[in-house]
Amino acid sequence: PKSDRIQRKLGNHATADKIRHAVGDKVWDDSFKFSIVRNPWDQMVSVWQWWQQIAPEIPNCKKGAAIVKSMSFPVFIRSAFGNRINEFALQPEDWLTDKRGTVIVDFVCRTETLDQDFQFICRKLKDDRGLDIPVSPLEKQNATNRETHYREFYDLASKEFVARRFQWLIQAYGYRF
């Protein structure tokens with residue numbers, strides 16, 4: 001089916017603009033589109049810990065994980081490894097906007113309120129499309145073990161570095177350290 005071809009073409013992660021071009025204007029316009037954002041300071045700690053805890057178990061990540069293991073958190077966020085979230089070196093706005101910088105998704109979920117946001121999406125799809133999607137708490141995947149709040153990983157320079165890198169996201173969605 002066409003959806004399988006599109007999935008193979010786009011992979012597991014694709015920007016909204018790439019999806020729009022892959023599915024065409026009619027499907028795009030008729031669809032409810034959403035994406036997810038996350039507090040960038042929390043996300044950078046999570047990415048660092050993913051490299052520390054999960055990547056060593058993935059065969060094609062072992063070499064990178066060994067390199068990251070030797071890095072402090074402030075060094076990591078400035079490194080090529082810290083510049084890549086998932087397998088991409090994109091900024092959050094690249095996932096949500098078109099080439100003009102306009103947000104082109106209908107709803108933006110926040111990781112911090114993901115269960116509530118998912119309930120909203122399910123209700124919206126039921127009301128607008130008649131789809132009855134069971135609402136249950138979402139299962140966490142690729143979760144790292146962290147006992148310390150993300151703020152504890154930052155010195156002033158690292159906090160400001162992340163604030164500059166993710167300025168658009170912080171301003172657009174009101175994130176605070």
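Worth saying up front: this structure is predicted, and the values here are computed from it rather than measured.
- Residues Ser79 and Met71 meet the side-chain proximity criterion, which asks for heavy atoms closer than 4.5 Å.
- Residues Lys33 and Trp28 approach most closely at NZ-O, 3.0 Å, considering heavy atoms.
- Using a 4.5 Å heavy-atom cutoff, the side chains of Phe177 and Arg151 are in contact.
- Across Ser158 and Arg78, no two heavy atoms sit closer than the pair OG-NH1, 3.6 Å.
- Residues Arg20 and Asp17 are paired through a salt bridge, judged by an N-O separation under 4.0 Å between the basic side chain and the carboxylate.
- Across every non-hydrogen atom of Val108 and Val105, the tightest pair is CG2-CG2, 3.7 Å.
- Residues Trp48 and Ile77 fail the side-chain proximity criterion, which asks for heavy atoms closer than 4.5 Å.
- Atom-to-atom distance recorded for Glu112:CD and Asp117:CG is 9.5 Å, nearest 0.5 angstrom.
- Residues passing the ring pair (Phe, Tyr, Trp, His ring centres under 6.0 Å) test with Phe120 are Phe107, sequence neighbours excluded.
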Carefully, step by step, assess Phe76 and Val47 under the rule side-chain contact (heavy atoms from CB on, under 4.5 Å). CA-CA 10 Å; Phe76 168 78; Val47 171; 3.7 Å; yes
Please report the C-alpha distance between Phe32 and Ile121 in whole Å, then the side-chain angles of each, then the deciding distance to 0.1 Å, and finally whether the side-chain contact (heavy atoms from CB on, under 4.5 Å) criterion is met. CA-CA 9 Å; Phe32 177 69; Ile121 291 166; 4.0 Å; yes
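- Each of Asp98, Thr15, Ile19, Thr97 was compared with Ile104 under the side-chain contact (heavy atoms from CB on, under 4.5 Å) criterion, and only Asp98 meets it.
- Between Ile36 and Arg110 the shortest side-chain heavy-atom distance does not fall below 4.5 Å.
- For the pair Arg38 and Phe166, the cation does not sit on the ring face, since its NZ or CZ is not both under 6.0 Å from the ring centre and inside 45° of the axis.
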Please report the C-alpha distance between Leu96 and Trp168 in whole Å, then the side-chain angles of each, then the deciding distance to 0.1 Å, and finally whether the side-chain contact (heavy atoms from CB on, under 4.5 Å) criterion is met. CA-CA 11 Å; Leu96 306 172; Trp168 180 90; 3.8 Å; yes
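- Here salt bridge (charged side-chain N to carboxylate O under 4.0 Å, His left out) pairs that include residues 50-67, with residues two or more places apart or in two chains, number zero.
- Using a 4.5 Å heavy-atom threshold, the side chains of His149 and Val45 count as separate.
- No donor-acceptor contact under 3.5 angstrom links the side chains of Tyr175 and Gln43, judged on distance only.
- With no hydrogens or angles considered, no side-chain donor-acceptor pair links Tyr173 and Asn39 at under 3.5 Å.
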Tell me, with the steps shown, if Leu169 and Gln91 meet side-chain contact (heavy atoms from CB on, under 4.5 Å). CA-CA 9 Å; Leu169 177 69; Gln91 292 296 88; over 6 Å; no
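- We find the NZ-CG distance between Lys126 and Asp132 to be 4.5 Å, quoted to the nearest 0.5 Å.
- Partners of Lys18 according to the salt bridge (Lys or Arg N to Asp or Glu O under 4.0 Å) rule, which considers only residues two or more places apart in sequence or in another chain, do not exist here.
- Taking Arg164 as the reference, nothing meets the side chain to side chain donor-acceptor pair (under 3.5 Å) condition, with sequence neighbours excluded.
- Between the OG atom in Ser46 and the CZ atom in Phe153 there is a gap of 10.0 Å [rounded to 0.5 Å].
- Residues Lys159 and Asp155 are not paired through a salt bridge, judged by the lack of any N-O separation under 4.0 Å between the basic side chain and the carboxylate.
- The residues Arg146 and Asp42 are annotated as salt-bridged, a charged nitrogen and a carboxylate oxygen being separated by less than 4.0 angstrom.
- Of all heavy-atom pairs between Ile67 and Ser70, the closest is O-OG, 2.6 Å.
- Residues Ile58 and Trp50 share a closest heavy-atom pair of CD1-CZ2, 3.6 Å.
- Taken from CZ in Phe73 to OH in Tyr154, the straight-line distance is 3.5 Å, to the nearest 0.5 Å.
- Phe81 pairs by the ring pair (Phe, Tyr, Trp, His ring centres under 6.0 Å) definition with Trp51, not counting sequence neighbours.
- Listed for the Asp128 side chain is no donor-acceptor partner under 3.5 Å among the backbone atoms of Leu125.
- The existence of a salt bridge linking Asp127 and Arg123 is excluded, since no basic side-chain nitrogen approaches an acidic carboxylate oxygen closer than 4.0 Å.
- Take Phe34 and apply the ring pair (Phe, Tyr, Trp, His ring centres under 6.0 Å) test, not counting sequence neighbours, and it matches no residue.
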